[in-house]
Amino acid sequence: MNIIDFFSLTGSCFAILMLGSVSIRLNLWLYAIQTFFMALSTLSESFKFSNSELAIISLVIIIIKAFFIPIFLNFVIEKIKVKSDSGLIFPVPIGMHLGILFLGFSNLFTLEILKSLPEIHHSGNITAGISLLFTGMLFMLLRKIAVSQIIGFLTLENGIFLLGVSITHSMPLIIDLGVMLDILVAIMICGLFIFKISSSFEHIDVTQLNELTES
Amino acid sequence: MDCNSFTSLPNCLIITLIFGILVLSILPCITKDKITNWVVPSLLSIFCSVICLASLIFINKVWTWQADKPFYLGLAPLAIHFDGLANLFLVLLTLITVFSSLGSIEYLKEAKPKLNTPFYWSSFCLFIASMLMVILANNAITFLVFWEIMAISSSVLVLMDYVNKNHQKAGLIYLCSTRISSLFLYLGFFGLNQVFHSWDFSHWQILTNSTLIPSILVILGFLIKAGAFPFHLWLPYAHPAAIGPVSALMSGIMIKLSIYGIIRLLTHTSQLSGLFYVYFFMIIGVVSAFWGILFALIQHDVKRSLAYSSVENIGLILIALSIYIYGRITMNNYLEMLGFIALIYHIINHAVMKSLLFLSISAIDAQIHNHDLYYLGGLIKKLPITGFCFLIGGLSITSLPPLNGFVSKWLIYTGLFGIICSCNNKILLGFTIVVLGLLAMVGAMAVLTFTKVFALLFLGRVRSDINKNIQEKSFSTLFGQIFLAVLCVALGIGSNFVINYIVKIFNYQDVFEVSPIAYLPLLPLLILLFGISIAFIPVYLKFSPKNYTHAWGCGTDRLSALMQVNSDSYSHLIASYFRPILQYDLKVNILGYDKRHFPETIESETLSKSLIENNIYTPIIKDFQILGSHFAKLQAGSIHLYLLYIVISLVVLLYFGVRFL
């Protein structure tokens with residue numbers, strides 16, 4: 001196992017830990033660490049392929065996604081005074097075990113993918129990407145509070161980014177920066193909405209927001 | 001556009017005017033209501049009269065134009081084709097548009113509840129422009145684009161009074177039927193494109209062995225829009241909901257555009273094959289005619305009755321079409337020509353007389369907001385001109401000589417007799433004889449229907465006090481009726497001239513010389529003379545009118561308003577013959593202490609249901625609703641459920657992506 005795979009798989013393990021914790025602040029911490037490891041993996045990939053654009057992107061990721069967004073979300077949860085988010089369908093530990101199961105599945109998927117892509121050697125990177133994708137999805141699915149949905153979405157986005165980088169090795173800088181900006185703005189808007197929802201409904205429980213049907 | 005040569009000038013003028021009508025549909029959005037209500041119809045009338053004149057004068061001109069590269073409609077260019085057939089339909093359409101737009105002015109002024117005038121005129125202009133373009137379209141894409149605009153704008157016109165629950169239902173049914181019609185047309189046109197690798201109508205051939213399925217699909221699509229027998233359901237809903245002038249356009253022209261489409265595709269086809277199509281059109285035609293007139297007879301809503309009568313006339317047109325196809329298949333030039341002339345003539349006639357009837361009804365409807373025969377009566381004293389025009393329309397739609405309806409029906413009968421004389425196929429022979437018999441019955445029932453409608457509307461005593469203040473109001477509504485009534489008579493008496501004209505357009509000249517059609521105008525005059533002489537027999541025999549009163553009349557020698565013959569009693573006998581088809585039932589309820597000798601109240605109620613609607617369409621719609629309610633459960637409103645759908649689809653996609661790519 002090389003250093004790139006190590007970083008990305010560590011990141012995905014932290015993401016799975018996130019599935020097992022109830023405290024929202026701890027989740028934010030775990031998200032920040034996970035993103036940090038992902039950025040490290042990207043950085044080492046940039047050294048390996050001597051690609052300066054990837055290095056810049058990884059630095060931007062560290063600044064925006066690993067520092068700024070967790071701090072902002074922390075500010076939001078301090079404001080609206082939510083501490084914990086219990087599980088929705090399953091108890092929390094079972095969610096974590098599901099995450100581990102999905103990690104195994106993603107490894108199987110990766111082995112299948114690698115059959116058709118002989119030029120790629122980092123199976124761990126792709127496994128981590130798919131696993132992050134599933135973990136984010138599961139996190140969104142299994143939690144009640146709207147902040148958790150945001151964190152899950154961000155994790156999912158990390159997975160997509162990691163998958164993209166590991167398969168294509170590089171994307172145009174401007175696209176990546178654009179995506180980053182999109183996420184930043186989206187998170188700011190989500191934060192605002194959460195303020196608004198909690199002030200008008202006095203809770204941010206997503207299960208209560210089920211008036212979207214057309215009947 | 002290539003307007004350099006002088007010869008294409010009239011066509012360019014027509015296209016420019018159609019564009020003008022399209023622009024006119026924007027005008028109501030920016031002007032005030034009161035200005036809109038006279039500016040738009042007058043401009044529209046002027047444009048349409050110019051188009052009418054131009055296409056009447058240059059009726060034989062063939063001219064084709066295709067748009068250049070940037071004006072493509074997706075798959076094919078915007079293509080336009082002028083020929084005799086298209087010009088004929090242009091004349092018909094623009095003529096009726098002039099009268100119905102003039103007729104709408106009065107209606108919109110008096111309408112109760114108030115209709116949205118700018119909205120009406122916008123969609124009206126759009127409707128006219130799209131119909132003009134449907135007539136001129138030379139390839140399938142152009143045709144479909146304007147066909148869709150036509151469908152949508154006409155359903156907006158049907159739904160003008162959108163607050164009314166019944167009108168909402170009517171609009172929905174009409175919109176659904178146009179959707180289904182379009183679906184069939186899309187599939188059929190796509191199939192034809194797959195066979196001929198072109199979207200051009202001139203490259204297509206339908207009703208051949210190689211294009212069986214697409215042809216059937218296209219014809220089904222057209223028949224749904226035309227309102228032929230199993231698909232006629234939308235007509236009796238849409239027409240009472242739409243205002244009179246719109247009904248005049250829809251029934252007069254729009255349903256004929258489907259027949260136009262079929263003829264358009266048929267004229268390009270070089271070789272037809274199979275008697276199957278003759279049977280197909282003949283069965284659908286005769287059943288539509290019979291079914292339509294049977295239901296028209298028992299309706300008490302005049303507009304509903306006229307709508308069913310449209311179904312009948314579409315049936316007659318389809319029978320004429322089947323004669324034409326038979327002539328084509330058996331290479332019988334005479335029958336082909338006869339069928340074609342009957343087809344075109346009946347289309348013209350029905351357009352003229354049905355719009356006349358609808359405009360007359362709209363003149364009444366505009367003032368008293370009611371078209372139910374239970375409440376109307378004795379209107380001829382107050383509306384003499386409208387009454388007379390309605391009489392002319394009714395007489396011509398019942399095909400009495402010397403009016404125009406007689407000519408086309410006579411041609412259809414001649415064509416059917418021609419099939420009987422010339423065919424060796426025993427089955428077709430027997431079949432045609434049955435069709436002839438049914439057609440005779442349809443004619444008789446048409447007479448019954450329109451005597452009923454005319455008598456109950458205009459004769460007798462006033463049935464209720466809603467028509468106290470009614471009077472002939474404006475010339476704009478009368479103008480169209482008078483003109484169309486005159487046209488009815490002219491098309492009947494000048495039939496020889498009109499047939500000559502049709503023959504010239506479609507180059508049947510050589511066959512025409514030897515045909516008995518040349519003596520056509522003499523025939524109705526003879527019959528008329530005979531009829532008049534019979535009518536004068538009482539005068540010669542000096543019958544003096546005597547007044548009799550009933551012996552047990554208790555002193556009432558005249559019927560009071562409520563004792564008159566009404567809609568149900570007039571049609572009761574025929575309706576009870578056809579009880580199983582009409583699902584007709586008469587319930588009489590006599591109440592009182594000694595109800596046998598001294599009844600206090602007598603209630604009677606007639607019930608009739610549409611067999612097709614109740615037994616075929618309603619169960620299908622119910623099944624769809626049940627299916628739909630199951631699908632609606634998927635949309636539960638829970639964000640987590642939606643996330644679950646996303647996870648499941650993600651896993652499935654990943655699996656398939658990995659497995660099969």
Side-chain angles (χ1 to χ4, degrees), chain A residues 85 87-90 95 98-99 101-102 104-117 126-127 129-146 148-150 152-153 155-156 159-160 163 167 190 193 197 204-215, chain B residues 152 155-156 159 162-180 182-183 617-661:
Chain A
D85 182 358
L88 181 66
I89 303 166
F90 308 118
L98 265 179
L101 208 66
F102 271 105
F105 279 136
S106 20
N107 195 29
L108 290 178
F109 277 135
T110 312
L111 293 178
E112 284 286 328
I113 290 172
L114 285 181
K115 275 182 199 162
S116 60
L117 294 172
I126 298 176
T127 309
I130 298 175
S131 148
L132 275 177
L133 216 139
F134 281 129
T135 315
M137 269 295 181
L138 276 178
F139 197 74
M140 285 165 87
L141 189 57
L142 297 181
R143 294 305 164 95
K144 263 198 222 171
I145 305 292
S148 300
Q149 259 76 37
I150 296 176
F153 174 73
T155 313
L156 190 150
I160 292 171
L163 209 60
I167 290 179
C190 284
F193 269 116
I197 291 170
I204 49 167
D205 189 346
V206 176
T207 50
Q208 306 290 314
L209 304 175
N210 55 2
E211 303 274 309
L212 290 169
T213 43
E214 274 179 21
S215 55
Chain B
I152 303 291
S155 39
V156 169
L159 252 177
Y162 47 81
V163 187
N164 190 326
K165 274 272 185 324
N166 290 334
H167 291 199
Q168 285 173 8
K169 189 185 173 192
L172 197 65
I173 287 176
Y174 176 56
L175 197 62
C176 280
S177 66
T178 61
R179 294 307 79 215
I180 297 167
S182 299
L183 172 73
Y617 287 113
T618 313
I620 293 176
I621 292 168
K622 278 224 173 95
D623 288 348
F624 257 90
Q625 278 172 343
I626 291 167
L627 203 68
S629 66
H630 286 304
F631 274 111
K633 279 177 196 158
L634 284 176
Q635 195 200 15
S638 154
I639 292 167
H640 289 94
L641 203 61
Y642 298 155
L643 282 170
L644 187 66
Y645 298 152
I646 297 175
V647 172
I648 290 169
S649 48
L650 188 70
V651 171
V652 170
L653 281 178
L654 260 176
Y655 174 75
F656 280 106
V658 165
R659 192 103 187 96
F660 299 111
L661 291 180

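These numbers come from the heavy atoms of this one structure, side chains and all, not from hydrogens, waters or symmetry mates. What you are looking at is a predicted structure, and each value in this text was computed from that prediction instead of being measured. Convention: sequence-line order gives letters A, B, ...; per-chain numbering from 1.
One finds the OH atom of B:Tyr642 at 14.0 Å from the CE atom of A:Met140 (value rounded to the nearest 0.5 Å). Note that CG of A:Leu108 is 12.5 Å distant from CG of B:Leu654, once rounded to the nearest 0.5 Å.
For A:Phe153, the CZ atom sits in a loose shell: 12 or fewer heavy atoms of surrounding residues, nucleotides or ligands are nearer than 6.0 Å. Counting heavy-atom neighbours within 6.0 Å of B:Tyr645 OH, excluding the residue itself, gives a total above 12.
At a 4.5 Å heavy-atom cutoff, the contact between A:Leu133 and chain B is made by side-chain atoms alone.
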Side chains of residues 624-631 of chain B: which donor-acceptor partners sit under 3.5 Å, not counting sequence neighbours?
| from | atom 1 | to | atom 2 | distance (Å) |
| --- | --- | --- | --- | --- |
| B:Ser629 | OG | B:Ile626 | O | 2.6 |

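Between B:Leu650 and A:Phe134, the shortest heavy-atom contact is CD2-CE2, 4.2 Å. Across all their heavy atoms, B:His640 and A:Gln149 have their closest contact at NE2-NE2, 3.3 Å.
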